[in-house]
Amino acid sequence: MQTKEAEQNKRRCRFCAAPLKHIFADLGTSPLANSYLRHDQLLHPESFYPLVAYICASCFLVQLEELKKPTEIFSDYAYFSSFSDSWLEHAKQFSNEAAKHFALSEKSLVVEIGSNDGYLLKNFKEAGLAVLGIEPAANVAKVAVDKGIATLVRFFSATLAEELAKEGKKADLIIANNVLAHIPQTNDLMAGLKKLLKPEGTISIETPHLLALIEGNQFDTIYHEHYSYFSLTTLDKIFKAHQLKIYALEKLPTHGGSLRLFVGHSDHFEGTVSDLVKQVLEEEERKGFQKISFYESYDSRVRQVKRRILKGLIELKEVGNSIAAYGAPAKGNTLLNYCGIGNDFVDYTVDRN
């Protein structure tokens, strides 16, 4: 039998390779969040996997173990971005602003990693720009291709970036919206971004902010397809290790609170850092983001939230109320499984996707 210490030494940070010895949040066991069952599967066994987030005491990256590989999660995917009207508007607004801000022209190439069904790249294409989507889910990519969006059905990697660079397909703008967390090979991802980006180009990244997750008790955003959870403190370390620089950012309300990062080659953006980047880094330091004790207290807060949720549901049911859920996102499955909520509490749920 392996000792606890031996198991911890085997479990290592995906960025800096330090042993993972500290638990951020233990959410028990759960099936894969987007593996929805058909009616004829309900009487058969379902696979459950540990859902435990660890915190690295060296680089402070919050992360799950890679219990299921991306090929097992993302090759056929349940989420289509275009089903959300608000997300389509969000994408259109960004596309319009980015085309002007980065002075993109018909000679520019815009590449999106995790391009889904073409929800965003269609805006750049309509503006006359060359676009390329990289999307591993064949069922989702087909929708983009049917819209006329050039799409590679591949997982993004440093190898793929090298292939594209040799073909002369270096990007003026790389977009990676809500995709960093989906790629467990963090260092390979960064190497790929660096290879694919033109010397003066920019990478625009949207990612949920760990600060918002912690302060809003958003533990339901933790599920198996999100391998990592990022603070700006940790992202700054990761990009610097690959000679990339976060030179500006915006705060977004999406996904409970996100950051939009603007990243470029360090040598091109030397000496260029916006005040907001400095302010968020200082805020995280003040709040304890570089102290392991700050993260270890989160698990007990999650348990308190669980008890309050169940108490509220029990009280509602005991006086004869019916309960409906509006929206059936992946994060809903974390909530239901961690809290043990079934159809004894929730009568039905509604979702347009």
Side-chain angles (χ1 to χ4, degrees), residues 20-36 46 48-57 60-65 67 178 181 207-234 251-259 283-284 286-289 291-319 321-351:
L20 294 175
K21 299 181 179 181
H22 304 273
I23 290 177
F24 174 68
D26 185 346
L27 302 177
T29 61
S30 178
L32 299 180
N34 278 310
S35 297
Y36 295 98
E46 184 176 14
F48 280 65
Y49 306 91
L51 187 55
V52 182
Y54 297 90
I55 174 69
C56 175
F60 305 107
L61 176 61
V62 174
Q63 58 201 281
L64 305 183
E65 289 185 86
L67 298 176
N178 302 299
T207 187
H209 191 189
L210 182 62
L211 175 61
L213 185 155
I214 292 172
E215 293 191 338
N217 284 327
Q218 299 168 11
F219 66 86
D220 54 343
T221 61
I222 298 173
Y223 46 95
H224 294 102
E225 68 183 53
H226 289 172
Y227 296 100
S228 304
Y229 304 81
F230 299 101
S231 65
L232 187 62
T233 300
T234 297
K251 290 184 177 181
L252 304 174
T254 53
H255 298 284
S258 296
L259 298 176
E283 179 186 13
E284 290 184 353
R286 281 197 314 272
K287 291 183 174 178
F289 273 68
K291 297 176 183 176
I292 197 67
S293 58
F294 169 77
Y295 299 92
E296 289 185 310
S297 64
Y298 185 66
D299 190 52
S300 62
R301 287 169 53 193
V302 170
R303 295 180 195 182
Q304 290 172 358
V305 173
K306 174 180 178 176
R307 291 193 290 268
R308 289 201 298 269
I309 290 170
L310 288 172
K311 182 174 182 288
L313 291 175
I314 289 168
E315 289 173 352
L316 287 169
K317 276 297 183 185
E318 287 191 337
V319 294
N321 286 301
S322 60
I323 299 173
Y326 183 70
K331 65 186 71 173
N333 290 324
T334 295
L335 179 71
L336 298 178
N337 281 283
Y338 176 60
C339 295
I341 298 169
N343 57 13
D344 50 340
F345 284 114
V346 178
D347 297 273
Y348 63 91
T349 186
V350 180
D351 197 289

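Below, each value reflects all heavy atoms present in this structure, side chains not excepted, and no hydrogens, waters or symmetry copies.
- Side-chain atoms of S258 never come within 3.5 Å of backbone atoms of L252 as a donor-acceptor pair (strictly under, hydrogens ignored).
- Counting non-hydrogen atoms of neighbouring residues, nucleotides and ligands closer than 6.0 angstrom, the CG atom of N321 exceeds 12 such neighbours.
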| task | Please test L232 against L259 for side chain to side chain contact (heavy atoms under 4.5 Å, CB included), starting from the C-alpha separation and ending with a verdict. | result | CA-CA 8 Å; L232 187 62; L259 298 176; 4.2 Å; yes
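- In this structure, the side chains of T29 and L51 stay at 4.5 Å or more apart for every pair of heavy atoms.
- Contact of the T221 side chain with the P208 side chain is not registered, since no non-hydrogen atoms from C-beta on lie closer than 4.5 Å.
- Inter-residue side-chain proximity for E315 and V319 is flagged as unmet; no heavy-atom pair is nearer than 4.5 Å.
- Rounding to the nearest 0.5 Å places OG1 of T233 at 12.0 Å from CG of L61.
- Minimum heavy-atom separation, N337 to P31: OD1-CD, 3.5 Å.
- Smallest separation of non-hydrogen atoms from L313 and F345: CB-CD2, 3.6 Å.
- To the nearest 0.5 angstrom, I23 atom CD1 is 14.5 Å from Y298 atom OH.
- Inter-residue side-chain proximity for I214 and R301 is flagged as met; some heavy-atom pair is nearer than 4.5 Å.
- No side-chain donor-acceptor contact under 3.5 Å links N333 to the backbone of K331.
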| query | Yes or no on side chain to side chain contact (heavy atoms under 4.5 Å, CB included) for V302 and D26, after CA distance, side-chain angles and deciding distance? | reply | CA-CA 9 Å; V302 170; D26 185 346; over 6 Å; no
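- Of all heavy-atom pairs spanning K317 and S322, the tightest one is NZ-CA, 3.9 Å.
- Across every non-hydrogen atom of A328 and Y36, the tightest pair is O-OH, 3.2 Å.
- Considering only heavy atoms from C-beta on, L27 stays 4.5 Å or farther from V52 through its side chain.
- In terms of the ring-ring contact (aromatic ring centres under 6.0 Å, His included) criterion, residue partners of Y338 (sequence neighbours excluded) are, by chain and number, F219.
- Using cut-offs of 30° and 60° for the angle between ring planes, the F60 and Y295 rings count as parallel.
- For the pair S297 (side chain) and F294 (backbone), a donor-acceptor distance under 3.5 Å is present.
- Here the closest non-hydrogen pair linking A53 and L64 is CA-CD2, 3.5 Å.
- Atom CG in L335 sits 10.5 Å away from atom NZ in K306 (nearest 0.5 Å).
- Here the CD1-CG distance, from I314 to L310, works out to 6.0 Å after rounding to the nearest 0.5 Å.
- Contact annotation: the side chain of F230 never approaches that of V62 to less than 4.5 Å [non-hydrogen atoms, C-beta and beyond].
- In this structure, the side chains of H209 and E215 stay at 4.5 Å or more apart for every pair of heavy atoms.
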| query | Are Y54 and F24 close enough, and set up right, to give a ring-ring contact (aromatic ring centres under 6.0 Å, His included), and what steps lead you there? | reply | CA-CA 5 Å; Y54 297 90; F24 174 68; over 10 Å; no
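- Summarising the geometry of S30 relative to H224, their closest heavy-atom pair is O-CE1, 3.2 Å, with the distance given to 0.1 Å.
- The SG atom of C339 lies 11.0 Å from the CZ atom of R307; values are rounded to the nearest 0.5 Å.
- Taking CG of L213 as the reference point, atom NE2 of H255 lies at 13.0 Å (rounded to 0.5 Å).
- Side-chain contact between L32 and E225: absent, with no pair of heavy atoms (C-beta onward) separated by less than 4.5 Å.
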